[in-house]
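Working notes, structure below.
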Amino acid sequence: MKTNRDAINQFRNTLIIDKYDPQIVQWGTRRFRHDGSESMEDAMVWNVFRSLRQINPHLWVKQLFKKAFELDFPYTVDGLEIHLWKRVPPPRDISIPELDYEIDIIIETNDFVWCMLAKYKSDIRMNTQQNNPIIRNIDVGLQYTKQRDFYFSLLFLDTFYTPYGQILVNQYRESEKSILQELPHRTTEITRLSGVSILTWKNVHHLLKDIYLYNRSSFERFISSQASDWLYTKISGSD
């Protein structure tokens, strides 16, 4: 119990927003490990997307979508929600049963679902008994999205740390057939897959910086400035 409490406190020390949100305690040992091997990755997800949750989505969703998919955003942002590490039913074909599967980031409305797998200074780890994390995110996402349009992005620092992840995303982006080879049970749902992309933390930093520079709301300028400055220390290699 003490070990878990220490891990939670260690995680809180990396946060700039919502440090004492009860969700942090509810995660328990499911999320935090005392070695902190992925704590900074989780802190980046929390600090950035919890900050974006406080900012008018008109100021960032269209821009982030355009950067990720090189397409104009075709939806409204009415009722937009952001979920972090949401637990959803696992793909029905996995060989090892588990209660739920966590998706790092979900941005959704009644019209679309955008799932992201976040990496910092790590690459995609393959598991011989299960599909790779990218294809599993696509599998779970296609199941979760129901009748809505579905998008997937790999959010990472750069190709030095995540080379294999980028190779896989490029492969799936260019060939629907390569996805169906690994997900043969998704021949119907694959029609709802509207985009697969890469997105970098640098892209997100530039977005936060633009919100600070061009926004008139003092509160949103503060939130974006705080997140932008903090994120810069991580992507620039300083601390």
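With hydrogens and angles ignored, the 3.5 Å screen pairs no side-chain donor or acceptor of D210 with any backbone N or O of L213. The main-chain N or O of L199 is never found under 3.5 Å from a side-chain atom of S153 such that the two would form a donor-acceptor pair. Distance alone, capped at 3.5 Å, is enough to place a donor-acceptor pair between the T191 side chain and the T188 backbone. Distance alone, capped at 3.5 Å, is enough to place a donor-acceptor pair between the R53 side chain and the I82 backbone. A donor-acceptor contact shorter than 3.5 Å links the side chain of S224 to the backbone of R221. Listed for the T145 side chain is a donor-acceptor partner under 3.5 Å among the backbone atoms of R148.
When all heavy atoms are compared, the tightest approach of S178 to Q171 is OG-O, 3.4 Å. Annotation for V140 and P89: closest pair CG1-O, 3.9 Å, computed over non-hydrogen atoms. Scanning all heavy atoms of the two residues, the minimum distance from A43 to T14 falls at CB-OG1, 3.2 Å. Taking each heavy atom of R173 and S197 in turn, the nearest pair found is NH1-CA, 4.1 Å. Counting all heavy atoms, side chain and backbone alike, I211 lies closest to L59 at CG1-O, 3.9 Å. For the pair N47 and A227, the tightest heavy-atom approach, listed with the atom from each and the gap, is O-CB, 4.3 Å.
Taking CZ of R136 as the reference point, atom CG of L183 lies at 11.0 Å (rounded to 0.5 Å). How far CG of L155 is from CD of E41: 9.0 Å, rounded to the nearest 0.5 Å. Of the inter-residue distances, the one linking L117 atom CG with I105 atom CD1 reads 8.5 Å to the nearest 0.5 angstrom. In this structure, the separation between CD on Q147 and CD on E189 is 9.5 Å, given to the nearest 0.5 Å. Here the CG atom belonging to L168 is positioned 8.5 Å from the CD1 atom belonging to I135, to the nearest 0.5 angstrom. Note: S236 OG to K202 NZ = 11.0 Å, rounded to the nearest 0.5 Å.
In this structure, F112 has its ring center closer than 6.0 angstrom to the ring center of F73. Aromatic rings of W114 and Y75 (six-membered ring for Trp) have centroids beyond the 6.0 Å cut-off, not under it. When ring centroids are compared, F65 and Y151 come within the 6.0 Å threshold. For F150 and F152, the gap between ring centers reaches or exceeds 6.0 Å.
Counting only N and O atoms by type, the side chains of Y101 and N137 include a donor and acceptor under 3.5 Å apart. Side chains of K209 and Y232: a donor-acceptor N/O pair is absent below 3.5 angstrom, by distance only. Checked by atom type, the side-chain pair Q226/S51 shows no donor-acceptor distance below 3.5 Å. Judged purely by distance below 3.5 Å, without hydrogens or angles, the side chains of E220 and Y212 never pair a donor atom with an acceptor atom.
Within 6.0 Å of atom CG in N110, 12 or fewer heavy atoms from other residues, nucleotides or ligands are found, so the atom counts as exposed in its surroundings. Within a 6.0 Å sphere centred on NZ of K19, heavy atoms belonging to other residues, nucleotides or ligands number more than 12. More than 12 heavy atoms of other shown residues, nucleotides or ligands fall within 6.0 angstrom of atom CG in N13.
M116 is not listed as a side-chain neighbour of L154, based on a closest heavy-atom distance of 4.5 Å or more. In this structure the side chain of D104 never reaches within 4.5 angstrom of the side chain of L84, judged on heavy atoms. At least one side-chain heavy atom of H185 sits less than 4.5 Å from a side-chain heavy atom of D139. Counting only heavy atoms from C-beta outward, the side chains of I106 and E81 never approach each other to under 4.5 Å. In this structure, F160 and K121 have side chains that are not in contact, with every pair of non-hydrogen atoms separated by 4.5 Å or more. With a 4.5 Å cut-off on side-chain heavy atoms, T200 and N203 count as touching. Y172 places none of its side-chain heavy atoms less than 4.5 Å from the side chain of V169. At least one side-chain heavy atom of Y120 sits less than 4.5 Å from a side-chain heavy atom of K234.
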CA sep, side-chain torsions, deciding dist, call: N132, Y164, side-chain contact (heavy atoms from CB on, under 4.5 Å): CA-CA 11 Å; N132 69 66; Y164 189 49; 5.8 Å; no

Mind running salt bridge (Lys or Arg N to Asp or Glu O under 4.0 Å) on R50 and D18 for me, showing each step along the way? CA-CA 8 Å; R50 278 283 179 142; D18 297 340; 3.1 Å; yes

As a quick check of understanding, evaluate side-chain contact (heavy atoms from CB on, under 4.5 Å) for I190 and E176, giving each step before the final call. CA-CA 8 Å; I190 197 71; E176 184 179 285; 3.6 Å; yes

Please walk me through it: do D149 and R192 pass salt bridge (Lys or Arg N to Asp or Glu O under 4.0 Å)? CA-CA 5 Å; D149 295 338; R192 298 198 291 273; over 6 Å; no

side-chain contact (heavy atoms from CB on, under 4.5 Å) assessment of I17 paired with Q54: CA-CA 10 Å; I17 190 170; Q54 301 294 320; 4.0 Å; yes

Can you list the steps and then say if T162 with Q166 is a side-chain contact (heavy atoms from CB on, under 4.5 Å)? CA-CA 7 Å; T162 318; Q166 183 173 13; over 6 Å; no

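Between W201 and F49, the ring-plane angle classifies as perpendicular under the 30° and 60° cut-offs.
Under the 4.5 Å side-chain heavy-atom criterion for grouping Ile, Leu, Val, Met, Phe, Trp and Tyr, W230 is connected to F219 within one hydrophobic cluster.
Taking the ring centre of Y214 as origin, the terminal cationic atom of R216 falls outside the region bounded by 6.0 Å and 45° from the ring axis.
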